Amino acid sequence: MAKRARKGLSPEEASVGLAVIYPGGKRGVVSDAFAPLNQFWIRDRATDEVVRDDNGDIVAFGAEELQLDGALGQGAGQAASARVLLIGTEQQMLQIIQHFGAPDASERREPQMLLAVPCTSCCCGPSCIRFDTASMQTCNAEDCPLLQLACQGVEPGMYDLALSLRPDLKEQIQIRPYHMKQAMEQIGPDLLKLENFYCLSSVTLPYGFEDIETANVWDRREMEDVRCQIDLGVTAEGRAINGEADLERTARRVLGEACGISLSDRIWEEEVQFKMRKALGVDLPMKYWDGPETKGFVLLLPSDLKTSPQGGLLTFREPGFANGESEANGDKSEPKLPEGWTKMKSRNSNQVYYWNAKTQTSTYEIPLPPGWTKQKSKTTGKVYYFNSRKRISSYEIPTE
């Protein structure tokens, strides 16, 4: 007979002030704790009084009779989290999935596999309901394009592995659009306008009994009762750790840890993301929130990005950094100079300058083609180039 994951708390976890569910499905707070005796007094939330029996005596509950009240206790013991959803071309998705590797059906991983979901399929059917963290399923396979695609794309071996992790669920395990669906709802209908673009989605499996048993009190309920399906999620997600200045740093880290992907600083810039949305004619949020503690980042990958392996990560950079040059020191190949300009070096100082014999002018700055000006981002301080006539910008030094 399959071992059941532990439902209740341990005496060490049932501390005073902890929000719990006690027998009868009622909500309360631990008011007094006698851990060595495994006896705990509960103050009912509705009556604000200590729970007593019919004779008026205080009821002492065992820790195993209590469950964490996730609705009230989740935020208190968890760190802030970040999620990332990458949107890119078919070629970019193939590069990432090939770098990630084939799905592993032998043991649980985080994530188990990656799927490229066409943006035009990021929608639900008429009989689907809105995303709900507590629902086992909010989509109907008969008319939901997102769920239909997920069922076709998830490897058959994933179901067998999921069942081995949670044999107690048996026929209840199913494929479920989860945080991918939530992100889709947050992003809005313009996502469907992105023809020939794909969302990179991660597939996760239920947690096994051993992981559930060793988890802390804040995580156990979610691992056992919520994240217990084959879930279609965003590209990557994870909690912040000490030393991370903000959730963007968390998002960058989890993207590397989960999927082996690194994006150059410029791809994360709001200015770049805004201009991509404008060029594509779509109104997509750059960020969204799931409650007060979880921040989602929605990143469009420019189609001209170059990739290179660096330290085990697949790194996406602008074309000027494609061959492993350092972004920090700005080492790039020498750009083609506009007509009439020549690169020179001073005999006295060895300093490089540029000379135009026709206009008899010189400059220490690399000369730009007509219509281009050098700009500095107000938000990041980084240099870019802007053509006011063509209404285009570039981080590479323009040549025409």
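This is a predicted model, so every value here is computed, not measured.
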Heavy-atom distance under 4.5 Å between the side chains of S164 and Y159, does that happen here?
->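 No. Closest side-chain heavy atoms not under 4.5 Å.
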Note, L149 side chain near L232 side chain (heavy atom, < 4.5 Å) =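 Counting from C-beta outward, L149 and L232 never come under 4.5 Å.
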Quick one: sort the Y178 and F131 rings into parallel, tilted or perpendicular, breaks at 30° and 60°.
->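 Perpendicular, since the angle between the ring planes exceeds 60°.
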Working to the nearest 0.5 angstrom, can you tell me the gap between [X] [atom1] and [Y] [atom2]?
X: L191; Y: T120; atom1: CG; atom2: OG1; result: 9.0 Å
X: M286; Y: M276; atom1: CE; atom2: CE; result: 11.0 Å
X: E269; Y: K275; atom1: CD; atom2: NZ; result: 9.5 Å
X: T138; Y: M136; atom1: OG1; atom2: CE; result: 12.5 Å
X: L165; Y: L205; atom1: CG; atom2: CG; result: 6.5 Å

Are the charged groups of [X] and [Y] less than 4.0 angstrom apart, N to O?
X: D48; Y: R43; result: yes
X: E237; Y: R227; result: yes
X: E213; Y: R220; result: no
X: E318; Y: K306; result: no
X: D231; Y: K181; result: no
X: E244; Y: R253; result: yes
X: R252; Y: D265; result: yes

Between F297 and R83, is there a cation-pi geometry (under 6.0 Å to ring centre, at most 45° from the normal)?
->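 No, R83 does not lie over the aromatic ring of F297.
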Can you run down the side-chain hydrogen bond (donor to acceptor under 3.5 Å, both in side chains) pairs that involve residues 142-156, sequence neighbours left out, and say none if there aren't any?
->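 Qualifying pairs, neighbours excluded: S127-D143.
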Answer yes or no: are there more than 12 heavy-atom neighbours, outside [X] itself, under 6.0 Å from its atom [atom1]?
X: R52; atom1: CZ; result: yes
X: F34; atom1: CZ; result: yes
X: K26; atom1: NZ; result: no

Do any N or O atoms from the side chain of E222 and from the backbone of D219 form a donor-acceptor pair under 3.5 angstrom?
->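 Not at all, since once roles are kept as given, no pair shorter than 3.5 Å links the two residues.
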Given the side-chain rings of F40 and Y22, with only the six-membered ring counted for Trp, is the space between their centroids under 6.0 Å?
->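 Aromatic pair excluded; centres sit 6.0 Å or further apart.
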Do the two ring centres, one from F61 and one from W41, sit under 6.0 Å apart?
->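 Centroid distance F61-W41: not below 6.0 Å, so no.
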Give the C-alpha distance, both sets of side-chain angles, the deciding distance and a yes or no for side chain to side chain donor-acceptor pair (under 3.5 Å) between R108 and Q112.
-> CA-CA 7 Å; R108 187 184 187 278; Q112 206 70 33; 5.6 Å; no
Looking only at heavy atoms, what is the nearest atom pair of N55 and D53, with distance?
->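 Shortest heavy-atom separation between N55 and D53 comes out as N-OD1, 2.9 Å.
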Review item, side-chain donor-acceptor pairs of residues 192-199, under 3.5 Å, at least two apart:
from, atom 1, to, atom 2, distance (Å)
K193, NZ, D190, OD1, 3.1

